[in-house]
Amino acid sequence: MAVYDVCIIGGCGHVGLPLGIALADRGKKVCVQDINENAVQGVQSGKMPFMEEGAEELLVKALASGNLQATSDPSCISESRIVICIVGTPVDEHLNPKFGLMKRVIDQYMDYFRNEQLLILRSTVFPGTTDRVGEWLSRNGKKVHVAFCPERILEGKAMTELSSLPQIISSLSPEGFAMSRELFSCLTEDIVEVRPIEAELAKLFTNTWRYIKFATANQFFMMANNYDVDFYNVYNAITHNYDRAKDLPRPGFAAGPCLFKDAMQLGAFNDGDFYLGHTAI
Ligand SMILES: NC(=O)c1ccc[n+]([C@@H]2O[C@H](COP(=O)([O-])OP(=O)(O)OC[C@H]3O[C@@H](n4cnc5c(N)ncnc54)[C@H](O)[C@@H]3O)[C@@H](O)[C@H]2O)c1
């Protein structure tokens with residue numbers, strides 16, 4: 001019998017911790033594992049390491065119920081039925097994706113994986129990573145089911161969006177699909193099932209589409225400004241009761257590091273042939 005339903009590697013981060021808290025709140029036994037000792041100690045004492053609306057009350061509640069634990073000790077990986085990996089996946093100093101990162105994390109914890117566990121990748125990954133991780137585990141003699149179930153929350157809104165957004169799930173095996181479906185059904189009934197490469201692209205397309213929309217709004221704003229036109233008069237005229245333009249964002253300092261790095265990952269995936277994305281950057 002596993003001690004935990006779920007262990008989250010990178011579990012004190014912006015994506016890992018809200019998910020851990022939400023799952024614990026729904027009755028799952030969760031262990032969040034992280035190499036950041038300060039963050040682990042903070043979480044153990046009921047302090048969120050970053051701002052997330054409504055999370056701290058639920059964290060305190062989850063700790064008190066015994067459903068949530070935080071540790072830097074990786075042995076919780078062996079003690080869990082499902083392992084979710086949500087470490088950061090930044091681009092390198094040349095703005096290229098770091099292919100080796102996910103493999104290094106899997107290698108770091110290889111000895112802790114057990115046969116018949118489910119490993120869910122939830123970091124945003126370069127397309128093809130799920131297949132590669134599955135192959136790497138089986139080459140190392142691990143019969144672990146591998147899934148990719150992307151996160152699409154907005155930072156700060158995680159505690160509501162984790163149950164209001166649909167969850168995309170994908171896996172390399174039917175057992176992986178079944179276990180992923182069962183896990184996420186405690187957060188939402190709206191589950192979309194696709195192949196791993198489709199889920200990987202779905203996440204990158206989602207973020208890059210948003211990035212291009214922000215870039216377009218900003219360029220329109222600069223154009224209007226150059227001709228002494230009040231951009232907001234134009235914006236209001238376009239979007240007033242006109243559904244086809246309602247997704248034009250307002251201009252501004254939009255798009256954090258995720259949208260930028262994910263547009264770069266998509267460009268690299270398409271061998272650099274992504275003018276629209278690079279122009280948006
Ligand atoms: N932040 C968002 O809004 C958001 C939304 C959707 C998807 N994502 C994706 O989720 C992933 C994680 O992003 P994040 O914002 O949570 O990053 P983050 O830096 O806040 O969290 C990552 C956590 O992983 C820990 N970590 C790093 N290496 C580790 C290791 N080897 N073992 C254990 N823990 C380790 C870090 O200490 C950190 O606490 C990225 O791929 C990102 O693109 C982020």
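Predicted, not measured: the structure shown is a model, and the values here were computed from it. Note that ligands are numbered from 1 as they come in the structure, with each ligand's atoms numbered from 1 the same way. The first residue of the sequence shown is numbered 1, and numbering continues consecutively from there.
- Nearest heavy-atom pair, D230 versus Y232, reported as atom, atom and distance to 0.1 Å: OD1-N, 2.9 Å.
- Counted by atom type alone, T124 and Q265 present zero donor-acceptor pairs between their side chains at under 3.5 Å.
- Defined by atom type and a distance below 3.5 Å, a donor-acceptor pair is present between the side-chain atoms of S75 and D73.
- Residues H145 and G176 approach most closely at CB-CA, 4.0 Å, considering heavy atoms.
- Within 4.0 Å of ligand 1, protein heavy atoms come from I9, G10, C12, G13, H14, V15, Q33, D34, I35, N36, I86, V87, G88, T89, Q108, Y109, S123, T124, E151, I153, E155, K203, C258, K261.
- E151 has its side chain within reach of L162: a pair of non-hydrogen atoms, C-beta onward, lies under 4.5 Å apart.
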Subject >> Steps toward side-chain hydrogen bond (donor to acceptor under 3.5 Å, both in side chains) verdict (E37, S72) >> reply: CA-CA 7 Å; E37 290 283 357; S72 56; 2.9 Å; yes
